[in-house]
Amino acid sequence: AEMGGIKIHASIDMIIKNNRLHNCGRGLWLDWMAQGTRVAGNLLYNNSTDDIFVEVNHGPFLIENNILLSPISIRDWSEGGAYVHNLIAGNIELRPQDRETPYHLPHSTVVVGLKKTLCGDDRYFNNIFVGGAAEGERSKSGLGIYENAKLPMFVDGNVYLNGARKFSKEKNQLEIKTNPEIQMEEKADGVYLKMNFDEKILQMKNQLVTTQLLGKALIPNAGFENPDGTPITIDNDYFGKKREKQNLTAGPFDNPGKGKISLKVWDKP
């Protein structure tokens with residue numbers, strides 16, 4: 001019950017970066033009091049339970065520039081999260097919780113109070129969603145599961161491929177019906193991701209994601225910022241490459257090319 005590739009309670013102001021989590025059952029499990037947590041540039045695939053499980057957290061936590069390819073990419077039993085520039089090829093599960101769990105002063109272990117998890121108050125900016133995984137009552141592709149979330153949602157600049165469910169209130173979105181045919185290939189020198197990258201994705205006019213844009217998580221009234229309180233600008237991609245600020249590419253890769261592409265997403269040591 002307490003196992004995962006990475007499993008942690010109270011990951012306050014923690015950075016979880018540049019990991020490959022695969023064939024774990026559950027990949028990454030952030031269990032309550034994930035406040036100020038930043039999950040960046042990780043590769044998750046072939047996990048039979050889920051890639052990322054965020055359980056009874058109230059935010060703010062930031063999930064950015066990750067590759068999530070398992071049938072359940074995100075198991076969201078939390079609120080107050082920001083999901084930015086990810087490739088999300090599996091479904092998202094949403095499940096409110098009656099348990100009361102702590103939230104803190106910003107950048108502190110001091111507990112302010114306890115709240116139930118209503119779900120929502122999430123931000124989804126500049127992600128690529130891929131449909132095709134089998135859906136259930138609580139899990140759907142794209143952002144379809146959030147249509148009736150209790151708390152408000154903040155959604156902009158996302159791409160929906162292969163039937164992934166769009167978010168109806170999102171003004172700036174792109175829907176492409178074709179399957180990008182994502183494949184993972186492990187070679188002697190590392191792991192490669194192959195996909196068909198539609199050039200229309202490169203033509204979107206997406207916003208640069210900053211602390212100001214993300215606002216504050218509702219329950220703790222705290223911003224998405226660095227541990228020292230300075231603002232965050234998500235201007236690097238999965239590889240650490242600076243993004244072109246005038247033409248931001250949705251997903252974790254900035255301007256990766258078009259058509260059939262092959263990217264080395266993990267170096268074997």
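Remember, predicted model here, so these are calculated numbers, not experimental data. Throughout, numbering of the chain's residues begins at 1 and tracks the sequence.
Looking at H85, its side chain never comes within 3.5 Å of a backbone N or O of N127 through a donor-acceptor pair. For T37 (side chain) and S11 (main-chain N/O), a donor-acceptor pair under 3.5 Å exists by modelled atom type. Remark: side-chain polar atoms of H58 are paired, donor with acceptor, to backbone N or O of K115 under 3.5 angstrom. At least one donor-acceptor pair closer than 3.5 Å links the side chain of N247 to the backbone N or O of L202. Judged by distance alone, the side chain of K268 and the main-chain N or O of K187 form a donor-acceptor pair under 3.5 Å. Side-chain atoms of N66 do not come within 3.5 Å of backbone N or O of L44 as any donor-acceptor pair. A donor-acceptor contact shorter than 3.5 Å links the side chain of N47 to the backbone of C24. In terms of modelled atom types and a separation under 3.5 Å, the side chain of S78 and the main chain of V56 share a donor-acceptor contact. At least one donor-acceptor pair under 3.5 Å links the side chain of N42 to the backbone N or O of N18. In this structure, the side chain of D237 engages the main chain of G240 through a donor-acceptor pair within 3.5 Å.
The shortest distance between side-chain heavy atoms of W32 and P102 falls below 4.5 Å. Residues I182 and L69 meet the side-chain proximity criterion, which asks for heavy atoms closer than 4.5 Å. Using a 4.5 Å cut-off on side-chain heavy atoms (C-beta onward), K200 and V159 make no contact. Counting heavy atoms from C-beta on, the side chains of R123 and V84 never come closer than 4.5 Å.
Separation of atoms NZ (K258) and CD1 (I201) is listed at 12.5 Å; rounding is to 0.5 Å. Summarising the geometry, atom CD1 belonging to I219 is positioned 7.0 Å from atom CG belonging to D121; distances are rounded to the nearest 0.5 Å. Considering CG of L118 and CG of L151, their distance stands at 5.0 Å, rounded to 0.5 Å. Of the inter-residue distances, the one linking I67 atom CD1 with S73 atom OG reads 11.5 Å to the nearest 0.5 angstrom. Remark: I52 CD1 to L28 CG distance equals 5.5 Å, nearest 0.5 Å.
Heavy-atom minimum distance, E244 versus N255: OE2-ND2, 3.7 Å. What you find for A164 and S141 is that their closest heavy atoms are CA-OG, 3.4 Å. Nearest heavy atom pair, residue A82 against residue F224, reads CB-CE2, 3.6 Å. Residues G59 and A217 share a closest heavy-atom pair of C-CB, 4.0 Å.
Under the 4.5 Å side-chain heavy-atom criterion for grouping Ile, Leu, Val, Met, Phe, Trp and Tyr, Y45 is connected to I128 within one hydrophobic cluster. Y103 and V111 are assigned to two separate hydrophobic clusters, defined by single-linkage of ILVMFWY side chains at heavy-atom distances under 4.5 Å. Placement of Y146 and F129 within a single hydrophobic cluster is found when ILVMFWY residues are connected by side-chain heavy-atom separations under 4.5 Å, directly or transitively. Linking ILVMFWY residues whenever their side-chain heavy atoms come closer than 4.5 Å, directly or via other members, leaves L114 and V110 in distinct clusters.
Ion pairing between a basic and an acidic side chain is recognised when a charged N comes within 4.0 Å of a carboxylate O; E79 and K150 show no such pairing.
In the model, N206 has no side-chain atom that pairs as donor or acceptor with a side-chain atom of R243 under 3.5 Å. D13 and H107 are linked by a side-chain donor-acceptor pair at a separation below 3.5 angstrom, with hydrogens and angles left out of the test. In this structure, a donor-acceptor pair under 3.5 Å is absent between the side chains of N46 and H22.
By the salt bridge (Lys or Arg N to Asp or Glu O under 4.0 Å) test, E55 pairs with R99, sequence neighbours left out. Contacts of K242 classified as side-chain hydrogen bond (donor to acceptor under 3.5 Å, both in side chains), with partners at least two apart in sequence or in another chain: D235. With sequence neighbours left out, E170 forms a side chain to side chain contact (heavy atoms under 4.5 Å, CB included) with V155, N158, Y160, F167, Q173. Listed by chain and number, the residues in a salt bridge (Lys or Arg N to Asp or Glu O under 4.0 Å) with D189 are K264 (sequence neighbours excluded). E137 pairs by the salt bridge (Lys or Arg N to Asp or Glu O under 4.0 Å) definition with nothing, not counting sequence neighbours. Here E100 pairs with nothing under the side-chain hydrogen bond (donor to acceptor under 3.5 Å, both in side chains) rule; sequence neighbours left out. Partners of R138 under the salt bridge (Lys or Arg N to Asp or Glu O under 4.0 Å) rule, at least two apart in sequence or in another chain, do not exist in this structure. For N179, the side-chain hydrogen bond (donor to acceptor under 3.5 Å, both in side chains) test picks out no residue, with sequence neighbours left out.
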Verdict with supporting geometry, L30 and M14, side chain to side chain contact (heavy atoms under 4.5 Å, CB included): CA-CA 11 Å; L30 299 180; M14 176 177 286; over 6 Å; no
Side chain to side chain contact (heavy atoms under 4.5 Å, CB included) between F125 and I234, intermediate numbers included: CA-CA 11 Å; F125 290 109; I234 303 178; over 6 Å; no
Audit row: L213, D156, side chain to side chain contact (heavy atoms under 4.5 Å, CB included) steps and yes/no: CA-CA 11 Å; L213 178 64; D156 187 78; over 6 Å; no
Side chain to side chain contact (heavy atoms under 4.5 Å, CB included) between I6 and I16, intermediate numbers included: CA-CA 9 Å; I6 296 175; I16 300 172; 3.9 Å; yes
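Sparse packing is recorded around CD of Q246, with 12 or fewer heavy atoms of other residues, nucleotides or ligands lying under 6.0 Å away. Within 6.0 Å of NZ in K260 there are 12 or fewer heavy atoms belonging to other residues, nucleotides or ligands. When the shell of 6.0 Å around CD of Q212 is examined, it contains 12 or fewer heavy atoms from other residues, nucleotides or ligands.
For residues 173-203, the set of pairs meeting the ring-ring contact (aromatic ring centres under 6.0 Å, His included) definition, not counting sequence neighbours, is empty. For residues 222-232, no pair satisfies salt bridge (Lys or Arg N to Asp or Glu O under 4.0 Å), with sequence neighbours left out. Pairs engaging residues 28-53 under the salt bridge (Lys or Arg N to Asp or Glu O under 4.0 Å) rule: K7-D31, R26-D50, R38-E64, D50-R75 [sequence neighbours left out].
Side-chain contacts under 4.5 Å among hydrophobic residues (ILVMFWY), followed directly or transitively, place F53 together with W29, W77.
Aromatic ring orientation, Y124 versus Y83: parallel (interplanar angle below 30°, classes split at 30° and 60°).
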